[in-house]
Structure formats: structure tokens, C-alpha cells
Student: 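Sharing a structure with you now.
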Amino acid sequence: MNNRDRGVEKAIFLDRDGTLIRDVGYCSKARDVELLEGVGKLLPRLKAAGFRLVIVTNQSGIGRGYFTEADFWSVQNELEKQLGPGVIDATYFCADTPQNESERRKPNPGMLLEAARELGIDLERSYMVGDKVSDTQAGIRAGVRASILCSSDDGRGPPESDATFVAKDFNEVVEFILGC
């Protein structure tokens with residue numbers, strides 16, 4: 001890819017459940033949306049630093065029939081309401097199950113590549129943030145600058161990962177990105 005084919009925008013690709021909101025397992029109700037500590041105050045700092053914020057999330061609950069796409073958008077709308085208008089620039093989701101995965105389902109990079117094409121994002125200036133190894137692998141496969149694992153301090157310690165950086169919370173994620 002040459003320079004004129006690359007996007008000009010830089011972005012932070014964000015997993016949703018377990019990264020931005022509490023992971024309740026197949027979140028399908030707006031009432032279950034609970035921002036993780038610091039997320040509501042820290043995302044605007046990243047926007048102010050010139051990053052586009054793009055959610056890329058596996059949602060196999062749709063593919064498994066646990067909830068509908070309308071339920072997904074209800075949760076997403078509540079998340080964006082809690083964050084405030086204009087914080088999230090775009091949302092991409094994949095309903096594939098692990099048994100029926102495509103190039104869009106993380107750890108594959110399809111959603112990131114699609115967003116980069118559609119939004120004019122330069123992957124080499126962008127970051128991926130997630131709470132699972134599959135998130136960081138998707139970022140690495142897409143060619144982002146850094147792929148960050150945000151591992152909650154739940155006593156298990158960070159999983160084996162090839163992430164560029166492992167953060168204990170979202171504050172450490174933001175400090176890492178703004179320090180690069």
C-alpha cells in the first residue's frame with residue numbers, strides 16, 4: 001500500500017463488552033449498560049488528541065439467536081447516550097459464531113480493514129484496544145501501530161498475549177496512547 005492509498009485519519013479501535021462497558025455475557029438490554037471506570041471521562045481526551053473512535057465488536061449472541069440486531073443497537077444507543085453525543089464515530093459488529101467465522105470476526109482483521117477503507121483511517125497511526133487476546137490479534141493482523149490488552153485486575157493476571165502493551169485499566173490505556 002503506498003501513501004496515497006492510506007487514510008489520513010488516525011483512530012482507536014475499541015472492543016465494546018469488557019473494554020468500554022461491564023461484560024454481562026451477551027449484553028442485549030439497554031438497562032445492563034454500565035460504563036467501566038474512567039471510560040466516560042477518558043474517551044473525550046482521546047478525541048481531543050485527534051483520534052477517531054471506532055467500536056469493533058464480536059456479537060455472536062446474534063448469530064446464536066440469543067438476541068436480535070435490534071437488541072444490539074438498543075445497547076449501542078444506550079452506550080452512546082451515556083458517553084455523550086459525537087464521542088463514538090462509528091460502530092462495526094460481527095454476528096458470526098466461532099464455528100461459523102468470517103474475515104470480519106476477531107481475531108481476523110476484517111472489521112478494522114473495513115472501517116479503515118470507509119473512514120479514511122491510516123492503520124499505521126492507529127491503535128486497537130480490547131480485553132481479549134482475539135482483540136489484540138485483530139489489531140496486529142490489521143497492521144495497527146499498537147495493539148493494547150486492557151486486562152481488568154480480577155486476580156487472574158494478564159493472559160498470554162502478543163499485545164504491544166498490557167494495561168490494568170482504561171486510564172493506563174489512554175496514558176500509553178497519548179505518550180506514544
Student: Please find the pair of heavy atoms, one from L123 and one from A142, that lie closest to each other, and give the distance.
Tutor: CD1-O, 3.3 Å
Student: Would you mind reporting whether V39 and L83 have side-chain heavy atoms less than 4.5 Å apart?
Tutor: yes
Student: Hydrophobic cluster membership, with links at side-chain heavy-atom distances under 4.5 Å among I/L/V/M/F/W/Y: are I12 and V56 in one?
Tutor: no
Student: For T68 and D71, run side chain to side chain donor-acceptor pair (under 3.5 Å): C-alpha distance rounded to whole Å, both residues' side-chain angles, the deciding distance at 0.1 Å, then the answer.
Tutor: CA-CA 5 Å; T68 66; D71 295 329; 3.2 Å; yes
Student: Under 3.5 Å, side chain of S147 to main-chain N/O of A163, donor-acceptor pair present?
Tutor: no
Student: State, yes or no, whether a side-chain contact exists between E78 and D32 at a heavy-atom distance under 4.5 Å.
Tutor: no
Student: Indicate if I140 and M128 have the same hydrophobic cluster label, given that clusters are the connected sets of ILVMFWY residues with side-chain heavy-atom separations under 4.5 angstrom.
Tutor: no
Student: Rounded to the nearest 0.5 Å, how far does CG of L53 lie from NZ of K47?
Tutor: 5.5 Å
Student: Can you name the nearest heavy-atom pair linking R105 to S60, along with the distance?
Tutor: NH1-CB, 3.8 Å
Student: Please examine the side chains of V129 and I177, heavy atoms only from C-beta on, and report whether any two atoms are closer than 4.5 Å.
Tutor: yes
Student: Are any non-hydrogen side-chain atoms of Q76 and I55 less than 4.5 angstrom apart?
Tutor: yes
Student: Does the side chain to side chain contact (heavy atoms under 4.5 Å, CB included) test come out yes or no for F170 and L36, once each step is laid out?
Tutor: CA-CA 8 Å; F170 206 75; L36 292 177; over 6 Å; no
Student: Checking the side chain of N77 only, and the main-chain atoms of W73 only, is there a donor and an acceptor separated by less than 3.5 Å?
Tutor: yes
Student: Please examine the side chains of P109 and E103, heavy atoms only from C-beta on, and report whether any two atoms are closer than 4.5 Å.
Tutor: yes
Student: Give me the atom names and distance for the closest heavy-atom approach of P98 to R64.
Tutor: CD-NH2, 3.1 Å
Student: Would E175 and R45 count as a side chain to side chain contact (heavy atoms under 4.5 Å, CB included) if you check the C-alpha gap in whole Å, the side-chain angles of each, and the deciding distance to 0.1 Å?
Tutor: CA-CA 10 Å; E175 294 307 315; R45 281 187 64 198; 3.0 Å; yes
Student: As an exercise, state the distance from OH of Y92 to CZ of R104, rounded to the nearest 0.5 Å.
Tutor: 8.5 Å
Student: Search all heavy atoms of K106 against all heavy atoms of D15 and return the closest pair with its distance.
Tutor: NZ-OD1, 2.9 Å
Student: Could you walk me through whether K29 and V24 satisfy the side chain to side chain contact (heavy atoms under 4.5 Å, CB included) test, starting with their C-alpha distance in whole Å, then the side-chain angles of each, then the deciding distance to 0.1 Å, before giving a yes or no?
Tutor: CA-CA 10 Å; K29 306 271 187 273; V24 297; over 6 Å; no
Student: Can you tell if the side chain of L178 reaches within under 4.5 Å of the side chain of L46, non-hydrogen atoms only?
Tutor: yes
Student: If every non-hydrogen atom of D89 is compared with every non-hydrogen atom of F51, which pair is closest and at what distance?
Tutor: OD2-O, 4.3 Å
Student: Measure the spacing between CZ of F13 and CG of D135 and express it to the nearest 0.5 Å.
Tutor: 13.0 Å
Student: Parallel under 30°, tilted from 30 to 60°, perpendicular over 60°: which one fits the rings of F72 and F93?
Tutor: tilted
Student: Begin with the C-alpha distance, continue with both residues' side-chain angles, and end with the deciding distance and a verdict on side chain to side chain contact (heavy atoms under 4.5 Å, CB included) for L42 and V173.
Tutor: CA-CA 9 Å; L42 293 167; V173 168; over 6 Å; no
Student: Taking side chain to side chain contact (heavy atoms under 4.5 Å, CB included) as the criterion, tell me which of V144, L149, I148 meets it with T136.
Tutor: L149
Student: Could you check whether any side-chain N or O of S74 sits under 3.5 Å from a backbone N or O of A70, counting only pairs where one atom can act as donor and the other as acceptor?
Tutor: no
Student: From C27 SG over to I21 CD1, what is the distance, rounded to the nearest 0.5 angstrom?
Tutor: 4.5 Å
Student: Once rounded to the nearest 0.5 Å, what's the spacing between atom NZ of K10 and atom CD1 of I121?
Tutor: 12.5 Å
Student: Distance check, rounded to the nearest 0.5 Å: Q137 atom CD versus N108 atom CG?
Tutor: 9.5 Å
Student: For R52 and L119, indicate whether the former's side chain and the latter's backbone hold a donor-acceptor pair under 3.5 Å.
Tutor: yes
Student: Looking only at heavy atoms, which two atoms of V8 and R125 are closest? And how far apart?
Tutor: O-NH1, 2.6 Å
Student: Might you confirm whether atom CD of E37 has over 12 heavy atoms from other residues, nucleotides or ligands at distances under 6.0 Å?
Tutor: no
Student: Do the side chains of Y66 and S28 get nearer than 4.5 Å, heavy atoms only?
Tutor: no
Student: Do L43 and L20 come close enough that some side-chain heavy atom pair is under 4.5 Å?
Tutor: yes
